[in-house]
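Being a predicted model, the structure only gives us computed values, none of them experimental.
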Amino acid sequence: MPDIRLPDGTVRSFPAAVTGVELAESIGKGLAKAALAMRVNGQLQDLSRTIATDAEVTIVTKDTPEGLEILRHSTAHLLAQAVQDLFPEAQVTIGPVIDQGFYYDFAFSRGFTPEDLEAIEKRMHELVQADLPVRRETVSREEAIARFADLGEDYKVQIIRDIPADEPLTLYHQGDFVDLCRGPHVPRTGVLGAFKLLRVAGAYWRGDARNPMLQRIYGTAWATQKELDAYLAQMAEAERRDHRRIGRDLDLFSIQEDAGGGLVFWHPQGAQIRKVIEDYWRQAHLRGGYELLYTPHIAHEKLWFTSGHKDFYADSMFQPMEDEGEPYQLKPMNCPFHILIYKNTLRSYRDLPIRWAELGTVYRHEMSGALHGLMRVRGFTQDDAHIFCRPDQIEAEIAGVLALTQNILGTFGFQRYEVHLSTRPEHSVGSDEIWETATRALEGALARAGLEYRVDAGGGAFYGPKIDLKIEDAIGRKWQCSTIQLDFNLPQCFAMEYVDEDGSRRTPIMVHRAIFGSIERFFGILIEHYEGKFPLWLAPTQVVVLPISEHQADYAQMVQSTLGAAGLRVESDLRNEKIGYKIRAHTLRRVPFLAVVGEREKAAGEVALRSRDGVDLGSLKLADVAANLKAMDESRQNALDWQG
């Protein structure tokens, strides 16, 4: 006779075991219709499962994050069923939920075409209309292998063989289709419907280029058609802003396959923007009490054993190189190098906090199938910083990091962000006392900064709690950039010490901190945020001087020299082309300001200034233009608000 406690505190008693469906129906018809799954004592389960003992239960609906994830995962299975209905020879592999949607990988003899996607999506809607019940079945490893082997599903057999022996195996049936999955799933296909297949891409089996190429179908699914329509509109805008296309059009960067995938080549225009970003970053950190470091790109392999990277991070590290019989390793992170500098001198409690920052280039072995423009690369520069402090200094230091982060992100035009506080996971190092002190310090710093945040219970790293900031771009997308992590582990691994006030030796707290995450990825986000229309202070070329004819060429060069002497990045276009052609060419380059000069401007010592958006700002004295543009540049305005 289970007593079931609901989220509002009420308790419902039943004479016998009850299913999730029956529980939802007992609460109300509306809830029963909206229910997708249930959470029983914290564990997500299918509605078909029975509750036989006292429990705390929450009915999960599609308007919750958990419900949306279940809906998307079930839609991925719907996709797999539709593909096999239309193409029986296609083998299914994996179909996980990803941000904003899902994908499913198929082994198929040819690539899926746009026409195939239309047919598959049509079949998915037919399966929704059929309102097929979804049934869960628990099977033994041997039975699961036999079933999928009989179906010719070789990839599923491989997956099953890799699942730990003590983990239960469950199958999900809908109509004649069956798939391996831990669930939970929606109770019927009829609750699905607000979905769209997006594109097809190649993907290596298990992300390894040595394995067969599969066909990956991406899709998105939402709780309502209105949400789906809004997302599709955002996707269309995101495609228009794609940093890879804009980067190519503006000649900012390239990925040279002759040199290898995931390695970024910065072209002159992109390199100029990077220099501005880095110069500002250094200035901001020096003002914030940081000292700058430079460290090597490689180190002896033994360093990475001491840090634990060879034990826990080896898959993301390149293979060691050998020199004179000794193994050296490209660095995947900068932190051990900063620790070695700390250990070079015996530190006193009076020396702390120590704040060190480095734009350090690191190298990580990403699978080729995961590489994506500037967003996922193999060589990148972290805007890395580490703070070494006493436990009583944690809150003040985190507050300082948050203030610096908000200032820097705001300067680049990011005013909205989502903040997450991740707390102690089940497996971790450090005493309860230090975890409690550290977590309270993070909470206090967030409160001091006036930042609302979500708690990710148990989501911290094994070595300490952390704060993550996701910035929101111009079209509402969230990007994980800034992170602040406390570390109790590495200081112990490297036997770091400071001499405390009483003469005893203590272990400092280490703070790992990045604001951009990486220069490359942040640059990609900036390109898409601004659609390549960078604010004046970031634009690689800030002004182009355009003479109407060759008779104003000397004056145009004088204008260029005057603006350049004011510290502006300026060019002259002296080509023998019509002025309309030149205006269009540099507008397409997204140059913030165009200074047109004809005979009248030449005689008056003026320029006819216009913005890249086509706004005519009038004929203005050259000295005034130089002064106003310089003021805009120095104030790092995020909008092109002409103040002349």
Side-chain angles (χ1 to χ4, degrees), residues 20 33-39 43-48 58-84 92-106 112 117 120-136 159 170-175 177-201 203 214-235 238 370 418 454 456 470 476-478 480:
K33 184 177 179 180
L36 297 183
M38 60 180 173
R39 181 174 286 281
Q43 182 181 11
L44 279 173
Q45 295 184 9
D46 296 282
L47 288 172
S48 60
T58 301
I59 300 298
V60 177
T61 57
K62 64 182 179 181
D63 57 354
T64 64
E66 293 169 330
L68 184 57
E69 183 166 338
I70 292 168
L71 186 149
R72 286 173 172 162
H73 190 61
S74 296
T75 307
H77 280 241
L78 187 74
L79 164 62
Q81 181 178 7
V83 167
Q84 289 207 318
V92 294
T93 62
I94 59 171
V97 173
I98 56 175
D99 284 347
Q100 316 301 328
F102 59 90
Y103 70 76
Y104 213 115
D105 288 348
F106 301 91
F112 290 112
L117 251 59
I120 293 166
E121 189 173 303
K122 179 182 177 183
R123 180 57 182 155
M124 291 171 70
H125 282 292
E126 291 171 351
L127 294 170
V128 169
Q129 291 298 315
D131 197 21
L132 301 172
V134 178
R135 179 172 61 87
R136 178 179 183 271
I159 293 170
T170 53
L171 307 182
Y172 281 83
H173 301 259
Q174 49 196 50
F177 178 74
V178 61
D179 204 352
L180 173 75
C181 189
R182 65 168 57 95
H185 279 272
V186 298
R188 309 182 67 84
T189 61
V191 303
L192 307 174
F195 57 78
K196 179 70 178 174
L197 299 185
L198 301 175
R199 67 185 187 279
V200 181
L214 306 175
Q215 298 298 311
R216 175 171 295 177
I217 298 179
Y218 285 95
T220 188
W222 295 83
T224 66
Q225 187 64 39
K226 182 179 179 181
E227 291 174 305
L228 173 62
D229 291 342
Y231 175 71
L232 294 177
Q234 185 189 67
M235 285 286 292
E418 194 175 90
R454 302 178 184 178
D456 179 11
K470 294 183 179 181
R477 295 173 300 177
K478 304 268 193 326
Q480 171 65 57

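- Closest approach of His77 and Phe177 over heavy atoms only: O-CE2, 3.7 Å.
- Here the straight-line distance linking atom CE of Met38 with atom OG1 of Thr58 works out to 11.0 Å at 0.5 Å rounding.
- Listed by first then second residue, pairs satisfying salt bridge (Lys or Arg N to Asp or Glu O under 4.0 Å) with a partner in residues 215-228 read Asp105-Arg216, not counting sequence neighbours.
- Counting heavy atoms from C-beta on, the side chains of Val83 and Val92 never come closer than 4.5 Å.
- By the side chain to side chain donor-acceptor pair (under 3.5 Å) test, Glu126 is found to be paired with Arg123, residues two or more places apart in sequence or in another chain being considered.
- Listed here is the closest heavy atom pair of Tyr172 and Thr170: CE1-OG1, 4.0 Å.
- For the pair Phe195 and Leu79, the minimum side-chain heavy-atom distance is 4.5 Å or more.
- Taking each heavy atom of Leu127 and Thr189 in turn, the nearest pair found is O-OG1, 2.8 Å.
- Closest of all the heavy-atom pairs between Thr93 and Phe106 is OG1-N, 4.2 Å.
- Evaluation of the side chain to side chain donor-acceptor pair (under 3.5 Å) rule for Asp63 yields Thr61 as partners, not counting sequence neighbours.
- Note: Ile120 CD1 to Leu78 CG = 11.5 Å, rounded to the nearest 0.5 Å.
- Side-chain contact between Gln174 and Ser74 is absent, with no heavy atoms from C-beta onward closer than 4.5 Å.
- In this structure, Tyr104 and Ala80 approach most closely via the heavy-atom pair CE1-CB, 3.6 Å.
- Here the side chains of Thr220 and Met235 are not in contact, with every heavy-atom distance at 4.5 Å or above.
- Taking all atoms of both residues into account, the shortest heavy-atom contact from Ala221 to Leu71 is CB-CD2, 3.8 Å.
- In this structure, Phe102 CZ and Leu198 CG are separated by 7.5 Å, a value rounded to the nearest 0.5 Å.
- A heavy-atom distance below 4.5 Å is found between the side chains of Tyr103 and Pro96.
- Residues Arg136 and His185 have side chains not in contact (no heavy-atom distance under 4.5 Å, counting atoms from C-beta outward).
- Applying the salt bridge (Lys or Arg N to Asp or Glu O under 4.0 Å) test to every pair with at least one member in residues 69-80, sequence neighbours left out, gives no pairs at all.
- In terms of the salt bridge (Lys or Arg N to Asp or Glu O under 4.0 Å) criterion, Lys470 has no residue partners (sequence neighbours excluded).
- Screening residues 184-201 for salt bridge (Lys or Arg N to Asp or Glu O under 4.0 Å) gives Glu121-Lys196, Asp131-Arg188 as the qualifying pairs, with residues at least two apart or on separate chains.
- Here the options are Leu228, Asp229, Leu232, the test is side chain to side chain contact (heavy atoms under 4.5 Å, CB included), and the partner is Trp222; only Leu228 passes.
- Atom CD of residue Gln84 and atom CG of residue Asp179 lie 8.0 Å apart, to the nearest 0.5 angstrom.
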Inset, instruction - Given side chain to side chain contact (heavy atoms under 4.5 Å, CB included), test Met124 with Thr75 step by step and report yes or no. - result: CA-CA 9 Å; Met124 291 171 70; Thr75 307; 3.9 Å; yes
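- Using a 4.5 Å heavy-atom cutoff, the side chains of Val97 and Ile70 are not in contact.
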